[in-house]
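On a predicted model such as this, the values are computed, not experimentally measured, just so you know.
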Amino acid sequence: MKTVALLLLLIGLLGRSHGWHNRYDGLLNFNCPGGQSISSITSEHNNKHEDRIWDFGCQATYGQTSQCYWTGYVNDFDQVLMFECPPQHVITGMISYHSNAHEDRRWKFYCCRSPCITSSCHWTSYVNSFDEYFHWTVPDQNVLVGVHSYHQNREEDRRWRYKVCGQYKC
């Protein structure tokens, strides 16, 4: 019985281990390899730091070109973040920095052209509650094209939802 309990504990711990791309209060700078876009987002909030650490997965993206660019910062501290790449572009990277004074982050996004994106797009519901861990995966045959988030000072955290569009082989 102890062996089963230990095995279940190890499985649970291994299932939550990630290759975090930042430290609490530290710079986040992530970009998928060429020809790929973000396919999953994992994040864990810490109340002591009032910040999140982030991990990303990447997937091959049909027809993705090298026509890419970084945005400027798309949000101010404590303000709504509402961002979408232009039509026929996917999100392949993110940069953010944390302010201890605001207990929030500002964000930049890397968009790459991919002509194989359909106009069949939708926003997800919120993928997290405040102060909690989340793992979200882009649905099959879709790509990430937009991000929406709002900050709540009482919680010193953000809730997140994402915009996805279908992709096809071209």
Ignoring hydrogens and angles, tell me if any N or O in the side chain of T65 forms a donor-acceptor pair with the backbone of C112 under 3.5 Å.
no
With distance as the sole test, does E132 use its side chain to make a donor-acceptor pair with the main-chain N or O of S129 at under 3.5 Å?
yes
With hydrophobic residues grouped by side-chain heavy-atom distances under 4.5 Å, do V74 and I91 end up in a single group?
yes
Working to the nearest 0.5 Å, report the span between OG of S119 and CD of Q88.
9.5 Å
Evaluate the pair C68, C111 and indicate whether the two SG atoms are within a distance below 2.5 Å.
no
CG (L28) and CD1 (I53) are apart, to the nearest 0.5 Å, by 11.0 Å
Value rounded to 0.5 Å, distance of CG in L144 from OG1 in T137
11.5 Å
Closest non-hydrogen atom pair between P139 and V164, with its separation:
CD-CG1, 4.1 Å
List the atom of N75, the atom of R106, and the distance in Å for their closest heavy-atom pair.
O-NE, 2.8 Å
Kindly say whether R159 contributes a backbone atom to a donor-acceptor pair with the side chain of S149 at under 3.5 angstrom?
yes
E103 and its side-chain hydrogen bond (donor to acceptor under 3.5 Å, both in side chains) partner, picked from H151, H49, H98:
H98
Where does the angle between the aromatic ring planes of Y162 and W160 fall among parallel (under 30°), tilted (30 to 60°) and perpendicular (over 60°)?
parallel
Please determine, by modelled atom types, if D104 and S99 share a side-chain donor-acceptor pair under 3.5 angstrom.
no
Contacts of H122 that satisfy ring pair (Phe, Tyr, Trp, His ring centres under 6.0 Å) - sequence neighbours left out
none
Quick one: OG1 on T42 to CH2 on W136, what's the gap to the nearest 0.5 Å?
11.0 Å
Got a donor-acceptor contact below 3.5 angstrom from the D51 side chain to the D25 backbone?
yes
What residue pairs, at least two apart or across chains, pass disulfide bond (SG atoms under 2.5 Å apart) with a residue in residues 117-163?
C121-C165
Membership question, hydrophobic clusters at under 4.5 Å side-chain separation (ILVMFWY): are V145 and I41 in the same one?
no
Distance check, rounded to the nearest 0.5 Å: W70 atom CH2 versus N29 atom CG?
5.5 Å
So which heavy atom on F134 is nearest to which on W54, and how close?
CZ-CZ3, 3.9 Å
Would the distance check show the side chain of N100 and the main-chain N or O of E50 forming a donor-acceptor pair, the cut-off being under 3.5 Å?
no
Same apolar cluster (I L V M F W Y, side chains within < 4.5 Å links), V147/I95:
no
Could you walk me through whether C58 and F30 satisfy the side chain to side chain contact (heavy atoms under 4.5 Å, CB included) test, starting with their C-alpha distance in whole Å, then the side-chain angles of each, then the deciding distance to 0.1 Å, before giving a yes or no?
CA-CA 11 Å; C58 298; F30 177 80; 3.5 Å; yes
Could you pull out all residues at least two apart from N46 that satisfy side-chain hydrogen bond (donor to acceptor under 3.5 Å, both in side chains)?
none
Taking a hydrophobic cluster as the set of Ile, Leu, Val, Met, Phe, Trp and Tyr residues connected by side-chain heavy atoms closer than 4.5 Å, whether directly or through intermediates, do V138 and V90 fall within one such cluster?
no
Spell out, as yes or no, whether a donor-acceptor pair under 3.5 Å connects the side chain of T92 to the backbone of S37.
no
Is there a side-chain contact between F56 and M94 (heavy atoms, below 4.5 Å)?
yes
Can you name the side-chain hydrogen bond (donor to acceptor under 3.5 Å, both in side chains) partners of Q59, sequence neighbours left out?
none
Would one find more than 12 heavy atoms of other residues, nucleotides or ligands at under 6.0 Å from atom CG of N153?
yes
Residues in side-chain hydrogen bond (donor to acceptor under 3.5 Å, both in side chains) contact with Q64, at least two apart in sequence or another chain
T61
Check A60 against Q167 and note the closest heavy-atom contact, atom names and distance.
O-NE2, 3.9 Å
I need the minimum non-hydrogen distance between F83 and W123, along with the two atoms involved.
O-CH2, 4.1 Å
When rounded to the nearest 0.5 Å, the distance separating CZ of R52 from NE2 of H45 is 6.0 Å
Under the rule for ring pair (Phe, Tyr, Trp, His ring centres under 6.0 Å), what residues qualify as partners of F77, not counting sequence neighbours?
Y97, H102
For Q79 and R158 the tightest heavy-atom approach is O-NH2, 2.7 Å
Check whether V127 and F109 end up in the same hydrophobic cluster, where Ile, Leu, Val, Met, Phe, Trp and Tyr are linked by side-chain heavy atoms less than 4.5 Å apart.
yes
Exam field: side chain R113 to backbone Q67, donor-acceptor pair closer than 3.5 Å:
no
